[in-house]
There are 2 protein chains.
Amino acid sequence: MRSTMRDVARVAGVSPKTVSNVINDHPHVRSHVREIVRKAIIELDYRPNQSARGLRYGKTGVIGLAVPSLRENYFAELADSVIRAAEKRGLNVLIGQTNGDRRNELDAVRGLRLQGTDGLLLSPQGMGQRDIDALNVPLPLVLLGERIFGGPTDHVTMHNVSSAQAAVEHLFERGRSRIAIIGAPDPDDTDPGSATLRLQGYRKALDTAGIPEAPELICVTGHWSREAGAVAVRRLIDDQVPFDGVFALNDSLALGALRALGEAGIRVPEEVAVIGFDNIDEARFSVPSLSSVDPGRDSIAEMAVQMLVERVRENGDPRPPRLSKPEFQIVTRESTGPASP
Amino acid sequence: MRSTMRDVARVAGVSPKTVSNVINDHPHVRSHVREIVRKAIIELDYRPNQSARGLRYGKTGVIGLAVPSLRENYFAELADSVIRAAEKRGLNVLIGQTNGDRRNELDAVRGLRLQGTDGLLLSPQGMGQRDIDALNVPLPLVLLGERIFGGPTDHVTMHNVSSAQAAVEHLFERGRSRIAIIGAPDPDDTDPGSATLRLQGYRKALDTAGIPEAPELICVTGHWSREAGAVAVRRLIDDQVPFDGVFALNDSLALGALRALGEAGIRVPEEVAVIGFDNIDEARFSVPSLSSVDPGRDSIAEMAVQMLVERVRENGDPRPPRLSKPEFQIVTRESTGPASP
DNA sequence: CGGGTAATTTACCACGTCGTAAATTCCATC
DNA sequence: GATGGAATTTACGACGTGGTAAATTACCCG
C-alpha cells in the first residue's frame, strides 16, 4: 500500500497539514521543518493521491481528447501536439477514439466516455450542425475542426477556404489548369465540413482565374483514406478524364493519389502535380515528396488547450464562445515541382 | 456545479446509499425504488464523481501508456490497439510521450509522469538493461518491446530473432542474396534492443543459407526514421555497394529506403526487393506497397492490457514475472515481388 | 523577563462514494 | 392480527487531501 500524508507526518513528527504545506510550497514553513518533511517523503517514497486531490479540488488535472482514430496520421500528430501543450501546463491527457461515429462523439460530449476529466477537446466527424444543441453541457468543451460552427463552445478551426484557394493557386502557378479535387463532399451532406469549405476554396480559385468548373474533376469520396484517394484517381484514369493537377483534401488522399498515379506510370510532377492538405510528417518522405497545406497543427493544439484551461478555470460564468484560426502555410515539395516562369 | 449522490437522493426521497446501490446494480433494491432513483438521476443529469470513486476504491480505472512518440506510426497504432483493449475492460488510457528519453522513462516508472493511474504500460527506448533495478516499483508495470529482458515485471515482446530470420529468408526465396540490413545497432550498444535481436535473425538466415556476411551491407543508423532509411540507402548507392535486397528493421526505415531507391531510379522489386518490419498501415499504400513483418500489434496490446489488469487486481502478492510473445506473420506485398520458382 | 505581534503549526472538517452493520419494512404464516 | 425471518433501506464512517480558523511558538521591544 502506498504511504499517505499521515504516514509521512508520523515519520517526520509533524501534523499531516504541515506535510501538505510542504508539498504545496506553502510560504509559512520553517526551512528546518521543510527539510525533515522532505526527507520523510523521500524515505517513504510518498506520492500524493490524485483521487483525493481531485476530490478536494474539484478538478482532476486531466483533460480528454476525443479523435476519430490515432491510426490517421493527422490525429496522431494532433494528439502529440495536444499532449505537449497539456504537459506545459501540468495536465495529463486521456485519449479516446470515436471512430468518427456520431453516437460515440455525443457520448463523449455528455461525459459518458472519458470520465474524470476537467474538460474535453473534441474533434467531431460524425456529428454535424444538427447536433449543435447537444453541445450545451456543463463539461468545458473545445471543438476542433469544421463539422460544427456557431456552437455554444470555444472552437479552433483553420482557414479552410483561403488555404484551399491558395493550394489550387499554387497549382495554377505551376502551369496547371485541369485540377482534380479529391475528397469532395457528398452533395447531400449539407453540413459545412472541411470538405465543403475546401471545395469552396477550390471554386474561388477557379473563379478568380477565370477557369470554368469541370464536374468530372470533382471526385467525391467517403472516407479520407489513402485507399479512397487511390480509388478516385484510378477512376479518373480509367474514365480517361484529362487532368494535370490534383488537389487532395488531405494528405492521406494525396498519398493514395500518388500511389495510383505511380501504378499507372504517370509521372509526378511532370505530368500531374499533386498537393495535399494537413502536412503530416509522412508527406516529407513519400516518393515524390508531397506538397501540402500546413494548417498549423501546433498552434491549433496550443490554442485549444489554452482555451480549455481558461474555461475550466472560470468554471461557470459563461463568456461568449470564441473562435480561433491559426495561420496556414503552403509547403512546397517535389509533387508540385517548381513554379512556371 | 455537478449534482452529487446526495442531490439525487434528496430528489428521489431516499438515502444516498440507495442511490449508490442503484448505480452499482446492488441486488436488493425494489424495482419501484430503482425507477424513482433512475428518474432523479436523469433529471439531475447526475454523473458519479470519478475522484471520489477512485479515492473510495483505491483505484482510478485509468492506465498509463508511455511511448516514445505518437508521431511514429508504430506507436500511434499501438496506442490505438491499447485504447481498444482497455475500452473492452472499461478502462481509460492516459498517454504520455517520453521522446525515447531515458530520464522521462524513468520518471514514468517512478510514477512521476502519469499520475493517477492504476498501472503503466511502458515502451522504453532510452532505458536499457542497466536500468533493470529501477523497475522494482510498487506501480503495476508491464514492459513492451525489447530494451530490457529478465526484469521483475511482466513483459510483452515479439519473436524478433525468428521473424527477422523469416523476413530475410523471404528475400532469399525471391532469389536475392546480397541483402542490406538497414537500422543495425551501433556495435557499442550492448543492450539487446530490437536492433540487436533482428540483426541476430539476419545472421541466422545468412548462416542457414550458407551465405557469408558482408560488413558493407550492414548499415547502422541511429534513429529508425524514414530519413535515416533514405540516408543509409543513398550511402550504399553512392559507395557503389552491390545489393539486391533490403531488410529494414522497421517500416519507416523501409519507406525511407524506397524513397532513396526511387530517387536513384532503381526499380523495386525488380532490381532491389525491400521488406520492412512492423506492418504499419502505411505499408499498404506506399509505391510500391511494402512487404513487412507483422508482429501482431493487436495481440501485443491485448496481452499487455490483460497482464496489467491482472497485476492491478492482485495488488500485492507478487507472482513471478511473465513473458509473452504473440505470433508474427510475413505480409507479402509488391516490394518483394513473387517468389522465384 | 513580561507583553504583544507575527510566524508557524495544528485541529477539524468536507469533498463524494460505498462497505459495514444496524435499522426498518415487508410478507408469509399461523 | 401477531410473529419471525427475509428483504430492503439507512446511518455511519473512512478513503487522502487541503482550506479555515484556532492554537501554539518564536521573537522583538521595552
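Atoms considered below: every heavy atom in the structure, side chains included; atoms not considered: hydrogens, waters and symmetry mates. First the proteins, then the strands, lettered A, B, ... as listed; each starts at 1.
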> Are A/N24 and D/dG18 close enough that a side-chain N or O sits under 4.0 Å from OP1 or OP2?
Replying inline: yes
> With a 4.0 Å cut-off, would you call B/R38 and B/E35 a salt bridge?
Replying inline: yes
>> Distance check needed: C/dC15 P versus B/M5 CE, whole Å only.
In response: 14 Å
> So, are A/R103 and A/D107 salt-bridged, with charged N and O less than 4.0 Å apart?
Replying inline: no
> Do B/R56 side-chain and D/dC15 base share a donor-acceptor contact under 3.5 Å?
Replying inline: no
>> Here's a test of your reading of the structure: between A/Y57 and B/R30, which maps to the more 5' nucleotide of DNA chain D?
In response: B/R30
>> Using OP1 and OP2 only, check whether a side-chain N or O of B/S20 sits under 4.0 Å from C/dT17.
In response: no
>> Without decimals, in angstroms, what is the distance between B/R34 CZ and D/dA7 C1'?
In response: 13 Å
> Should A/E105 and A/R147 count as an ion pair when the cut-off is N to O under 4.0 Å?
Replying inline: no
>> Below the 4.0 Å mark, does D/dG16 have OP1 or OP2 next to a side-chain nitrogen or oxygen of A/T4?
In response: no
> Could you state the NZ-P distance from A/K17 to D/dT24, rounded to the nearest angstrom?
Replying inline: 18 Å
>> Tell me the interatomic distance from B/H26, atom NE2, to C/dC18, atom C1', rounded to whole angstroms.
In response: 11 Å
>> Does C/dT10 have its OP1 or OP2 closer than 4.0 Å to a side-chain nitrogen or oxygen of A/T18?
In response: yes
>> Expressed as a whole number of angstroms, how long is the span from A/N21:CG to D/dA21:P?
In response: 15 Å
> Could you state the CZ-P distance from A/R6 to C/dA11, rounded to the nearest angstrom?
Replying inline: 11 Å
> Looking across every strand, which nucleic acid part, if any, lies under 4.0 Å from A/P48 by heavy atom: base, sugar-phosphate, or nothing?
Replying inline: sugar-phosphate
> To the nearest Å, how far apart are B/H28 NE2 and C/dG19 P?
Replying inline: 14 Å
>> When you measure from the side-chain N and O atoms of A/R53 to the phosphate of D/dG18, is any distance below 4.0 Å, counting only OP1 and OP2?
In response: yes
> Given D/dG18, D/dT9, C/dG16, which nucleotide is nearest the side-chain atoms of B/V29?
Replying inline: D/dT9
> From B/I23 CD1 over to B/T18 OG1, what is the distance, rounded to the nearest 0.5 angstrom?
Replying inline: 11.0 Å
> For the pair made of CD1 in A/I23 and C1' in D/dT17, what is the distance, rounded to whole Å?
Replying inline: 9 Å
> Side chains of B/P321 and B/H155: closer than 4.5 Å at any heavy-atom pair?
Replying inline: no
